[in-house]
Q: 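Okay, handing you the structure first.
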Amino acid sequence: DAGITQSPRHKVTETGTPVTLRCHQTENHRYMYWYRQDPGHGLRLIHYSYGVKDTDKGEVSDGYSVSRSKTEDFLLTLESATSSQTSVYFCAISQDPYNEQFFGPGTRLTVL
Amino acid sequence: DAKTTQPNSMESNEEEPVHLPCNHSTISGTDYIHWYRQLPSQGPEYVIHGLTSNVNNRMASLAIAEDRKSSTLILHRATLRDAAVYYCILRDRAGGGADGLTFGKGTHLIIQP
């Protein structure tokens, strides 16, 4: 399995609080992605990164920011969490953007 | 990315072959066909991808129609562990960008023992 971990794996927080999710890889892959998965919507892309300090928005980026200061870490931040951001968040990595992506185990976030 | 159409669910018996269809009638010449699957409570997992020719790997085979408007993922001998949601996704190599995968709702494959 690709060396990709996510932390925390589960988190419960309150509306209005900041939350940061971490994705860590040991594969030295250039590309990293954050998706969210909700019932009835499948996986949707939030943000992606194509290198250190190089990031761009995905389909559902409102309310989220990201940072990538090192190849191995891609952080997803919810500046002020809302109940609509309750979801399962998946990180993915790839060496080549047109070949396979490897997904992490996911983080289940609940915003009360 | 061009749109794909898959059946909502399919059922098969253990140790029998499974053929999962995908229609992509608006596919462009530079679209690759990718398949991923997602087991319960796990992240998606890459299965296979191809452009024009049929492809085989240790997990599955991908049969692509001659006009490329449809494809079929073939699991040669299904096991209970193959019960998952299977996603057919098109990726345009001509796009030049690094944007992510576009997941539809996929096919929920049920395997009966």
Side-chain angles (χ1 to χ4, degrees), chain A residues 1-6 9-10 21 23 25 27 29-52 54-61 66 68 74 76 87-108, chain B residues 1-9 22 27-52 55 57-60 62 73 81 84-109:
Chain A
D1 290 341
I4 176 169
T5 57
Q6 294 184 230
R9 293 292 314 280
H10 302 270
L21 308 182
C23 177
Q25 60 145 329
E27 304 296 323
H29 284 1
R30 179 180 173 188
Y31 301 90
M32 299 186 76
Y33 309 83
W34 277 108
Y35 296 85
R36 61 177 288 175
Q37 185 170 32
D38 306 291
H41 284 281
L43 279 87
R44 292 179 292 173
L45 181 68
I46 305 171
H47 280 279
Y48 62 95
S49 170
Y50 45 96
V52 173
D54 292 323
T55 65
D56 207 345
K57 296 179 180 180
E59 178 189 354
V60 290
S61 60
V66 290
R68 190 163 177 208
F74 193 31
L76 177 70
S87 187
V88 180
Y89 291 85
F90 289 102
C91 175
I93 63 174
S94 68
Q95 197 162 30
D96 172 341
Y98 300 109
N99 287 316
E100 61 263 43
Q101 291 187 13
F102 301 96
F103 285 79
T107 293
R108 183 173 295 277
Chain B
D1 293 327
K3 185 174 177 178
T4 62
T5 304
Q6 299 177 252
N8 289 333
S9 66
C22 181
I27 191 170
S28 73
T30 52
D31 280 328
Y32 277 69
I33 303 159
H34 288 242
W35 284 82
Y36 283 76
R37 71 180 185 180
Q38 187 173 21
L39 279 63
S41 301
Q42 294 188 25
E45 174 187 30
Y46 167 81
V47 177
I48 200 167
H49 76 281
L51 182 62
T52 55
V55 184
N57 66 20
R58 62 175 181 82
M59 290 182 69
L62 176 60
L73 179 70
R81 196 193 170 278
V85 179
Y86 287 77
Y87 298 98
C88 171
I89 299 167
L90 301 184
R91 292 286 281 155
D92 184 4
R93 284 246 176 181
D99 54 324
L101 301 167
T102 300
F103 286 82
K105 295 187 178 177
T107 296
H108 184 199
L109 176 63

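A, B, ... follow the sequence lines: proteins, then strands. Residue 1 opens every chain.
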Q: What's the separation between atom OG1 in Thr102(B) and atom CZ in Arg44(A), rounded to the nearest 0.5 Å?
A: 12.0 Å
Q: Could you state the interatomic distance from CZ (Phe103(B)) to OH (Tyr35(A)), rounded to the nearest 0.5 Å?
A: 5.5 Å
Q: Step by step, work out the side-chain contact (heavy atoms from CB on, under 4.5 Å) result for Tyr36(B) and Phe103(A).
A: CA-CA 11 Å; Tyr36(B) 283 76; Phe103(A) 285 79; 3.9 Å; yes
Q: Hey, could you give me the CZ/CD distance between Phe90(A) and Gln42(B), rounded to the nearest 0.5 Å?
A: 9.0 Å
Q: Does anything in residues 32-43 of chain B pair up under salt bridge (Lys or Arg N to Asp or Glu O under 4.0 Å), and if so which pairs, sequence neighbours excluded?
A: Arg37(B)-Glu45(B), Arg37(B)-Asp82(B)
Q: Check each atom of Glu59(A) against the heavy atoms of chain B and say whether the ones under 4.5 Å are side chain, backbone, both or neither.
A: neither
Q: If you round to the nearest 0.5 Å, how far is CG of Leu43(A) from OH of Tyr87(B)?
A: 6.0 Å
Q: What's the separation between atom CG in Leu101(B) and atom OH in Tyr48(A), rounded to the nearest 0.5 Å?
A: 12.5 Å
Q: Please round to the nearest 0.5 Å and tell me the distance separating atom NE2 of His34(B) and atom CD of Gln101(A).
A: 9.0 Å
Q: Measure distances from Asn99(A) to the heavy atoms of chain B and classify the residue's part below 4.5 Å as side chain, backbone, both or neither.
A: both
